[in-house]
Amino acid sequence: TVMTPEEQIQLADHLATVEIEDIKANAWGYCLLKRRTRHKARCAEMGEPMRHNASPDLCLGCPHNLMQTENVDWILLHIYTHVEALKNPVVPDIFKVSSYELVKNSTQHVRTLNPKHEALPELQEVLDTYKATRAA
């Protein structure tokens, strides 16, 4: 359908009020809680979103998460300890599993938002090294 700019704005307004239930800002992005997929929220308990439990660990893999380039530095700051844990041979593997998932998820988001970010080579190296160590 071809629409005028005014019709496009009206459609966007309609979709926003019908589809988006609520918006919540976090340091790592925005939670755009959608009506039809609210039960898929990673913070949901028994199908009900518990957004007061929001954390990068939950939100970065959630279908409601919207991250922008402004959030990249905060994410990198947040995952720093997880990157260090993955590098440290003394840390037991049981603790590294969740760190690996968070760093992997964060790396994907950073790569999408800023494919030339200076932290990407180090993040990828840490992920590759961890994965190779687990395979051995």
Side-chain angles (χ1 to χ4, degrees):
T1 303
V2 178
M3 295 184 191
T4 67
E6 293 79 20
E7 291 172 327
Q8 291 175 358
I9 290 170
Q10 287 177 344
L11 177 63
D13 287 344
H14 174 72
L15 289 175
T17 56
V18 170
E19 184 61 24
I20 306 295
E21 182 175 322
D22 192 34
I23 299 172
K24 179 181 178 200
N26 296 305
W28 54 89
Y30 297 91
C31 176
L32 299 176
L33 187 60
K34 299 173 194 121
R35 293 183 198 287
R36 289 186 285 174
T37 57
R38 68 189 324 270
H39 64 283
K40 292 182 180 180
R42 292 207 44 216
C43 63
E45 293 178 12
M46 297 183 354
E48 187 62 32
M50 300 291 169
R51 296 185 329 155
H52 58 277
N53 293 333
S55 71
D57 301 20
L58 290 173
C59 298
L60 289 182
C62 183
H64 300 117
N65 184 57
L66 170 65
M67 198 172 144
Q68 297 180 320
T69 54
E70 294 83 14
N71 304 113
V72 168
D73 290 336
W74 191 93
I75 286 294
L76 293 173
L77 177 66
H78 177 75
I79 67 169
Y80 173 78
T81 54
H82 295 275
V83 170
E84 291 303 309
L86 290 172
K87 289 180 180 179
N88 190 336
V90 178
V91 175
D93 194 52
I94 190 79
F95 297 120
K96 290 183 176 184
V97 173
S98 63
S99 290
Y100 174 79
E101 289 302 319
L102 178 61
V103 172
K104 184 175 106 177
N105 232 347
S106 299
T107 301
Q108 290 170 344
H109 283 286
V110 172
R111 186 174 287 116
T112 300
L113 293 169
N114 185 354
K116 297 181 191 259
H117 197 283
E118 62 187 14
L120 284 172
E122 179 184 357
L123 294 173
Q124 194 59 55
E125 180 183 344
V126 167
L127 292 170
D128 293 344
T129 301
Y130 173 76
K131 200 170 180 183
T133 306
R134 289 218 49 200

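Any value given below was found using the heavy atoms of this structure, including those in side chains, with hydrogens, waters and symmetry copies removed.
- For the side chain to side chain contact (heavy atoms under 4.5 Å, CB included) test, no residue two or more places apart in sequence or in another chain qualifies with T112.
- Between the CG atom in D22 and the CZ atom in R51 there is a gap of 4.0 Å [rounded to 0.5 Å].
- Pairs passing the salt bridge (charged side-chain N to carboxylate O under 4.0 Å, His left out) check and including a residue from residues 3-13, sequence neighbours excluded, do not occur.
- Checked against side-chain hydrogen bond (donor to acceptor under 3.5 Å, both in side chains), R38 has the following partners two or more places apart in sequence or in another chain: E21, E48.
- At most 12 heavy atoms of other shown residues, nucleotides or ligands fall within 6.0 angstrom of atom NE2 in H14.
- Scored by the side-chain hydrogen bond (donor to acceptor under 3.5 Å, both in side chains) test, N114 finds no partners at all (sequence neighbours excluded).
- The shortest side-chain heavy-atom distance between L113 and N71 does not fall under the 4.5 Å cut-off.
- With sequence neighbours left out, S55 forms a side chain to side chain contact (heavy atoms under 4.5 Å, CB included) with D57, L58.
- Looking at residues two or more places apart in sequence or on another chain, you find a side-chain hydrogen bond (donor to acceptor under 3.5 Å, both in side chains) between D128 and Q124.
- Here OH of Y80 is found 15.5 Å from OG of S106. Values are rounded to the nearest 0.5 Å.
- Note that CD1 of I79 and NE2 of H109 are 11.0 Å apart. Values are rounded to the nearest 0.5 Å.
- Other residues, nucleotides and ligands place more than 12 heavy atoms under 6.0 Å from the CD atom of Q68.
- Closest approach of P115 to L120, counting heavy atoms only: O-CD1, 3.4 Å.
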Name the atoms and distances for all side-chain donor-acceptor pairs under 3.5 Å in residues 26-37, with sequence neighbours left out.
{"residue": "K34", "atom": "NZ", "partner": "P63", "partner atom": "O", "Å": "3.0"}
{"residue": "R35", "atom": "NE", "partner": "V18", "partner atom": "O", "Å": "2.8"}
{"residue": "R35", "atom": "NH2", "partner": "T17", "partner atom": "O", "Å": "3.4"}
{"residue": "R36", "atom": "NE", "partner": "E19", "partner atom": "OE1", "Å": "2.8"}
{"residue": "R36", "atom": "NH2", "partner": "E19", "partner atom": "OE1", "Å": "3.1"}
{"residue": "T37", "atom": "OG1", "partner": "H64", "partner atom": "NE2", "Å": "2.8"}

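- Counting side-chain heavy-atom gaps under 4.5 Å among Ile, Leu, Val, Met, Phe, Trp and Tyr, the cluster of L11 also holds M3, L15.
- For P49 against G47, the heavy-atom pair with the smallest separation is CD-O, 3.7 Å.
- Legend: residues meeting salt bridge (charged side-chain N to carboxylate O under 4.0 Å, His left out) with D73, ordered by chain and number and at least two apart, are absent.
- A distance of 4.0 Å separates CG in L123 from OG1 in T107, rounded to the nearest 0.5 Å.
- One distance of note links CD of E45 with CG of N53; it measures 6.0 Å at 0.5 Å rounding.
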Anything under 3.5 Å between a donor and an acceptor, one on a side chain of residues 83-104, the other on a protein residue two or more places apart or in another chain? List them.
{"residue": "K87", "atom": "NZ", "partner": "E122", "partner atom": "OE2", "Å": "2.7"}
{"residue": "N88", "atom": "OD1", "partner": "V90", "partner atom": "N", "Å": "2.9"}
{"residue": "D93", "atom": "OD1", "partner": "Y130", "partner atom": "OH", "Å": "3.1"}
{"residue": "D93", "atom": "OD2", "partner": "R134", "partner atom": "NE", "Å": "3.4"}
{"residue": "K96", "atom": "NZ", "partner": "N88", "partner atom": "O", "Å": "2.8"}
{"residue": "S99", "atom": "OG", "partner": "H82", "partner atom": "ND1", "Å": "2.9"}

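- The heavy-atom pair separating C59 from A54 by the smallest distance is SG-CB, 3.8 Å.
- Summarising the hydrophobic clusters (Ile, Leu, Val, Met, Phe, Trp, Tyr; side-chain heavy atoms under 4.5 Å, direct or chained), the residues clustered with L77 are none.
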